[in-house]
Visitor: 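Pasting a structure here, questions to come.
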Amino acid sequence: MKQIVVVLFLYLCFWGNAQPDSFDNPILSGFYPDPSICRVGDDYYLVNSSFEWWPGIPIWHSRDLVNWEQIGNVIHRKGQICSNPNIWAPTIRYYQGKFYVICTERPGAVFFVTADNPAGPWSDAVYFDISKNEVSPIDPSLFWDDDGTCWLASNDRQKSGTIKHWVWIQKVDLNPVQRNGRMEASFIGERRYITDGSGVGADNYAEGPHLFKVNGLYYLMIAEGGTWDNHAVSFLRTNDLEKPAEEWEYCPFNPVLTHRNKESAISATGHADMVQTQNGEWWMVHLGVRKQDGKHKLGRETFLVPILWKTDSLGRKWPIANPLKGNQTLLNDKRPDLEWSPFKILPVSDNFENERLGLQYNFYNEPEDFDWYKIENNRLKIKLLPARVSDKGHCAFIARRQTHHNFNVETELIFNPESENEVAGMMAGIKNTNHIRVEISKLGDEAFASLVYVSVNGEKRVIRKRIPTANSKYSIHLEARGWDFQFYIGIDKGQWLKLGGVQDARIMSSEIAKGFTGSYVGMFASSNGKHSDTWCEFDYFKYEPLQSN
């Protein structure tokens, strides 16, 4: 026994706190696309798109670029922006003691919010006076020059009436004024269209622009090639932002990052941002996907790749992604020259011991109000809303991202439905039209567990099984192994009964379901179109990733 204690002590002292030489990609697994990053001192902050999931724009903190802890959500309260959020491509920047996040609110509106503390609270939205007849922008980004002039870089999908995307820049005044029933910032001077792409592909779709100033020169990073397999990152540069487009220089090594036509476990690499560390290194964060059998369900994830500066034949220096390793992002690579700073990992089981939901949870669309759920006595209580889980809008669904290819999920609910239309249970999917769910219901005095498979072909009840009703407690278990999802219903403690056969989860892949998000799994309740005063209670929610991912 003493020998075991000594070995454990030595491990904790010498190996438990060891600084690893490498890191694993992705640095944020699951649906975390369109990453943007900034550094303040020794601290790094990163944001992602959230699309229709609420709260919006998760924000992360790291001190080593590899280990990230979510510290909040930028869009975190009702009324913060002017419409139901559908958030695309945020950019985070820091200027004179204040954090700025700017993004697109679909359709076609651009706003920014500010905060003194990146964990929040964040301000109400300030919009730009953009007319849809003038420009249809996405992917906005802010840049402050040395003299304090602020520039907005964005993209226009309507220029010349073509489907090509044009990147433009324009000076802006961020001081808000009350106009058109909202707070608005203003444009200054001429809007300058810079590029419709670097010519590295037939469909350039220039987007995702960011401006940087390095050694007195302005570098414009763009994404192009579309957001899927042809995605890429390219650069232009100039010594004067006022110069016309034809005088900007294109990097001869473009695209500086792409996985098109490359054998890699990572595909669709693009939509990037970059940062310089306090030690002088440059790193790029970007989105990408990990496919299985040609499809992916985890969504577009956040990856990290080193940047080196390469000199061309004219003596010009350009930032290139991983030039010593084939210009590719690797699943494992040498980590940044920063002190290893891991955060506490979330426990596998959430026993609802806190008064608030953890930051890992989201709702599908912004709720009308927030009186339909609460945490009391270490249980999550959800009121049955009339909205069906297959409806397009908000429903009583509290879920977390699927962040692994292989995982187990388990929950126990206490539920006593008062009518046949009342259901509650577990759901896994990417949207209302593409999911698999287990729902508990009653018919007379008997309880049933139904497995429901929902695809673009409609809703299909795979099986309905009569189950015991003791204490109105029901346990549901999911074993996800790649595309194979097997659901179980608990009979007695520790005993599980298969609910139907293995289900094909490809319906929740982006290739089949379409759209830009990733898959979730969580708890739901519905009265299926009728008013209800019934509540159900969830005793715990367990998400267990497996080693083989």
Side-chain angles (χ1 to χ4, degrees), residues 28-36 45-61 68-92 99-106 109 111-127 299-302 346 350 352 354-375 380-383 385 387 392-403 427 430-432 515-524 541 543:
L28 294 178
S29 60
F31 161 52
Y32 292 112
D34 306 330
S36 177
Y45 301 96
L46 185 148
V47 293
N48 301 100
S49 293
S50 50
F51 291 84
E52 62 266 33
W53 291 91
W54 203 94
I57 312 181
I59 183 164
W60 304 81
H61 170 245
W68 293 89
E69 179 184 37
Q70 188 176 356
I71 58 175
N73 291 282
V74 175
I75 305 303
H76 54 82
R77 66 179 180 277
K78 192 168 181 63
Q80 191 177 1
I81 61 178
C82 289
S83 65
N84 196 44
N86 192 340
I87 305 300
W88 293 25
T91 296
I92 185 169
F99 291 88
Y100 293 77
V101 169
I102 184 171
C103 61
T104 307
E105 172 195 304
R106 299 301 298 157
F111 71 88
F112 71 89
V113 292
T114 63
D116 298 323
N117 183 340
W122 289 80
S123 71
D124 287 344
V126 177
Y127 288 81
R300 298 173 300 164
E301 305 174 291
T302 292
L346 287 175
D350 184 357
F352 304 115
N354 298 318
E355 295 181 356
R356 294 185 178 183
L357 279 174
L359 292 172
Q360 69 269 34
Y361 295 110
N362 284 139
F363 312 135
Y364 189 66
N365 291 304
E366 182 182 18
E368 292 291 331
D369 53 56
F370 297 91
D371 61 359
W372 56 273
Y373 78 93
K374 53 190 174 182
I375 296 178
L380 172 62
K381 300 181 179 182
I382 302 179
K383 184 179 181 181
L385 297 183
K392 186 175 182 179
H394 171 72
C395 59
F397 180 42
I398 298 176
R400 57 152 291 161
R401 289 164 173 82
Q402 296 178 29
T403 52
M427 181 164 69
I430 192 169
K431 59 171 65 173
N432 57 309
F516 299 105
T517 66
S519 295
Y520 278 74
V521 60
M523 304 151 283
F524 77 92
F541 185 78
Y543 180 95

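Computed over heavy atoms, backbone and side chain alike; hydrogens, waters and symmetry mates excluded.
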Visitor: Rounded to the nearest 0.5 Å, how far does OG1 of T517 lie from CZ of R300?
Guide: 9.0 Å
Visitor: Keeping the roles fixed (side chain from E301, backbone from Y32), state whether a donor-acceptor pair exists under 3.5 Å.
Guide: no
Visitor: Look only at the side chain of S36 and the backbone of I92, and say whether a donor-acceptor pair between them is shorter than 3.5 Å.
Guide: yes
Visitor: Report the distance from atom CD1 of I75 to atom CD of E105, rounding to the nearest 0.5 Å.
Guide: 8.5 Å
Visitor: Using the test side chain to side chain donor-acceptor pair (under 3.5 Å), find all partners of K431 that sit at least two apart in sequence or belong to another chain.
Guide: none
Visitor: Does the pair Y100 and V126 meet the rule for a side-chain contact (heavy atoms from CB on, under 4.5 Å), with working shown?
Guide: CA-CA 11 Å; Y100 293 77; V126 177; over 6 Å; no
Visitor: List in chain and number order the residues that pass side chain to side chain contact (heavy atoms under 4.5 Å, CB included) with I102, two or more places apart in sequence or in another chain; answer none if no residue qualifies.
Guide: T91, V110, F112, F128, P140, L142, L152
Visitor: What is the distance from atom CG of L46 to atom OG1 of T302, rounded to the nearest 0.5 Å?
Guide: 5.5 Å
Visitor: So, does S123 use its side chain to make a donor-acceptor pair with the main chain of T114 at under 3.5 Å?
Guide: yes
Visitor: Which atom names give the shortest non-hydrogen contact between E366 and H394, and what distance separates them?
Guide: O-CB, 4.0 Å
Visitor: Starting at CD1 of I87, measure out to CD of E52 and round the result to the nearest 0.5 Å.
Guide: 11.0 Å
Visitor: So do S49 and F516 actually touch side chain to side chain, heavy atoms under 4.5 Å?
Guide: no
Visitor: Hey, does the side chain of S50 reach the backbone of I57 with a donor-acceptor pair shorter than 3.5 angstrom?
Guide: yes
Visitor: To the nearest 0.5 Å, how far apart are SG in C103 and CG in D34?
Guide: 11.0 Å
Visitor: Do any N or O atoms from the side chain of H76 and from the backbone of W122 form a donor-acceptor pair under 3.5 angstrom?
Guide: yes
Visitor: Does any N or O in the side chain of N48 come within less than 3.5 Å of the main-chain N or O of P33, such that one atom is a donor and the other an acceptor?
Guide: yes
Visitor: Sequence neighbours excluded, which residues qualify as side chain to side chain contact (heavy atoms under 4.5 Å, CB included) partners of Q360?
Guide: L346, D350, R400
Visitor: Kindly write out the residues that satisfy ring pair (Phe, Tyr, Trp, His ring centres under 6.0 Å) with Y520, not counting sequence neighbours, or none if the list is empty.
Guide: W53
Visitor: Using the side chain to side chain contact (heavy atoms under 4.5 Å, CB included) criterion, which residues pair with S519? Sequence neighbours excluded.
Guide: K297, Q402, I430, M508
Visitor: Does the side chain of P55 come within less than 4.5 Å of N362's, by heavy atoms?
Guide: yes
Visitor: Report the relative orientation of the aromatic rings in F99 and Y45; use parallel for angles under 30°, tilted for 30 to 60°, perpendicular for over 60°.
Guide: perpendicular
Visitor: Any idea which heavy atoms bring Y543 and R401 closest together, and the distance?
Guide: CE1-O, 4.2 Å
Visitor: Quick one: side chain to side chain donor-acceptor pair (under 3.5 Å) partners of Q80, sequence neighbours excluded?
Guide: none
Visitor: How would you list, by chain and number, every residue that makes a side chain to side chain contact (heavy atoms under 4.5 Å, CB included) with L359, sequence neighbours excluded?
Guide: Q70, N73
Visitor: Using the side chain to side chain donor-acceptor pair (under 3.5 Å) criterion, which residues pair with H61? Sequence neighbours excluded.
Guide: D43
Visitor: Could you go step by step and tell me if Y364 and N432 meet the side-chain contact (heavy atoms from CB on, under 4.5 Å) rule?
Guide: CA-CA 9 Å; Y364 189 66; N432 57 309; 3.8 Å; yes
Visitor: Of all residues at least two apart in sequence or in a different chain, which pass the ring pair (Phe, Tyr, Trp, His ring centres under 6.0 Å) check with W68?
Guide: none
Visitor: Got more than 12 heavy atoms from elsewhere within 6.0 Å of NZ, K78?
Guide: yes
Visitor: Quick one: list whatever passes ring pair (Phe, Tyr, Trp, His ring centres under 6.0 Å) with F370, sequence neighbours left out.
Guide: W54
Visitor: Taking ring pair (Phe, Tyr, Trp, His ring centres under 6.0 Å) as the definition, give me every residue that meets it alongside Y127, ordered by chain and number, with sequence neighbours left out.
Guide: F111
Visitor: In chain order, what residues pass the side chain to side chain donor-acceptor pair (under 3.5 Å) check against N365, with sequence neighbours excluded?
Guide: none
Visitor: Sort out for me which residue in F524, Y361, F352, F363 forms a ring pair (Phe, Tyr, Trp, His ring centres under 6.0 Å) with Y373.
Guide: F363
